[in-house]
Protein chains: 2
Amino acid sequence: MGRTSDARARLVTSAAEFVYARGYQGVSVEELCERAGVKKGSFYHFFRSKQGLALAALDEQWKLAQEGLVEPAFKNDVPPLDRIGRFFEWVAAASSHEQETTGQVGGCRFGNLSAEMGSRDPAIRAKVESVFQAIAGYFERALEEAVAVGDLSGVDPAANAQALVAYMEGILLLGRTYNDPDLMKRLGRKAVQLACSGHVRDEHRDDLRIEKEANS
Amino acid sequence: MGRTSDARARLVTSAAEFVYARGYQGVSVEELCERAGVKKGSFYHFFRSKQGLALAALDEQWKLAQEGLVEPAFKNDVPPLDRIGRFFEWVAAASSHEQETTGQVGGCRFGNLSAEMGSRDPAIRAKVESVFQAIAGYFERALEEAVAVGDLSGVDPAANAQALVAYMEGILLLGRTYNDPDLMKRLGRKAVQLACSGHVRDEHRDDLRIEKEANS
């Protein structure tokens, strides 16, 4: 058994791994302690509950994803729209590597937890929401820069950023469901086109017509 | 306690509701039997396990979704691309109604289950995959028809159909995470633009360049 500070870190790492592999409800505090080599009494020194540990694990996982993938993908060494393309490319590459090592594309740690617990646990839902907001921020800044340098016009960066988060989450869920990182790579290539989607007048007219028909 | 045939149907309905609200691992066979008013011995007359019941519930839920939403949305009373717009509009409207009645946007019954259990339970994963494939089929046929009548050109209907399934699942997951059906409605309006996305040569060049840089 290591130092106290290590015990907390080991619990966080174990929770991140175990919850991702088995779901939040598929793992108990006892199992997490056993895996981390931490006594149950020590667990409650660091966390009030399994929920508290799961939230800490989400913070840690977001920090790692941000440092290892998000920040490098959005680095300004390439034009802003290429950063978005590169991000989707790297998400698929990470899933490909994951499948090679574990046999299974796991999808999104954050999205999976919202899908399992989002309607039952407001704190977990809010944490995942804050991660989605942070990712949307990266997309939005890249789109704003693309507009500023003249690579893009006629778009709403905030709205398209949310669409890209939705598409990213959908790609990760399809990757998990089909266990197919190549599908993720192909779908990711359409992200830049979604990023560039503008307000089409004809489409708005269609929306109005469809609403009218749906209500009639 | 009703007739035997009712008992099975009540178990399936209870499982669909309970698993959607609490997750697959958040509900036990005992609770499902109690909710359905069925004795545990009878449960095993109909199903070998909780998994068997969950699979039957997924079949039933897909049948209901198909009859109540998917088939009507893709009806040929409007041009093919409008059917896709209408489908996304109605998915958001259904989530809006759900929030009004339960307080919470629940997202996708199928996607949620894949996100929780997909990497642990091959049968559940395969069932969700078959539902996604069925939905992709509706998109693909609409896109093929749009090409046939000249509303669309230069697209790969099968590839764009998969992109639309991903986008739909992402919208449902964001709707659940943000508990916001209006966001779903706004995001859904971009679906037709994604449906029309073609093969952009410049983008392929970017992909190659990004791959080269990622490997360097």
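First the proteins, then the strands, lettered A, B, ... as listed; each starts at 1. Computation of the quantities below employed the complete heavy-atom set of this structure, encompassing side-chain atoms and omitting hydrogens, waters and symmetry-equivalent molecules.
For chain A, the nearby part of B:Met117 is the backbone; its heavy atoms alone come within less than 4.5 Å. For chain A, the nearby part of B:Arg120 is the side chain; its heavy atoms alone come within less than 4.5 Å. Contact of A:Ala21 with chain B is made through the backbone alone, with heavy-atom distances under 4.5 Å. Within the 4.5 angstrom heavy-atom criterion, atoms from both the backbone and the side chain of A:Ile171 approach chain B. For a residue to count as touching a neighbouring chain, one of its non-hydrogen atoms must lie under 4.5 Å from one of that chain's; by this rule A:Gln104 touches chain B with the side chain only. B:Leu183 touches chain A through its side chain: at least one heavy atom from C-beta onward sits under 4.5 Å away, while N, CA, C and O do not.
Between chain A and the options B:Ser119, B:Cys196, B:Ala126, heavy-atom pairs under 4.5 Å are most frequent for B:Ser119. Comparing B:Thr102, B:Leu172, B:Asn160 by how many heavy-atom pairs each has under 4.5 Å with chain A, the most go to B:Asn160. With chain A as partner, the option from B:Gly118, B:Gly23, B:Gly103 having the largest number of non-hydrogen pairs under 4.5 angstrom is B:Gly118. Chain A forms more heavy-atom pairs under 4.5 Å with one residue of B:Gln133, B:Glu169, B:Gln25, B:Arg176 than with any other, namely B:Arg176.
Counting non-hydrogen atoms of neighbouring residues, nucleotides and ligands closer than 6.0 angstrom, the CD atom of B:Glu31 exceeds 12 such neighbours.
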Under the side chain to side chain contact (heavy atoms under 4.5 Å, CB included) criterion, do B:Val165 and A:Leu174 qualify, and how do the steps go? CA-CA 8 Å; B:Val165 175; A:Leu174 258 62; 4.0 Å; yes
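Taking the ring axis of A:Tyr44 as reference, the NZ or CZ atom of A:Arg48 does not stay both within 45° of it and closer than 6.0 Å to the ring centre. Remark: A:Arg141 is positioned above the aromatic ring of A:Tyr138, its terminal NZ or CZ atom under 6.0 angstrom from the ring centre and at most 45 degrees off the axis.
The pair A:Asp121-A:Lys50 does not meet the salt-bridge criterion, since no charged nitrogen lies less than 4.0 angstrom from a carboxylate oxygen. Salt bridge B:Glu129/B:Arg125: present, at least one basic N to carboxylate O contact under 4.0 Å.
The OH atom of A:Tyr24 sits 15.0 Å away from atom CZ of A:Phe18, with the distance rounded to the nearest 0.5 Å.
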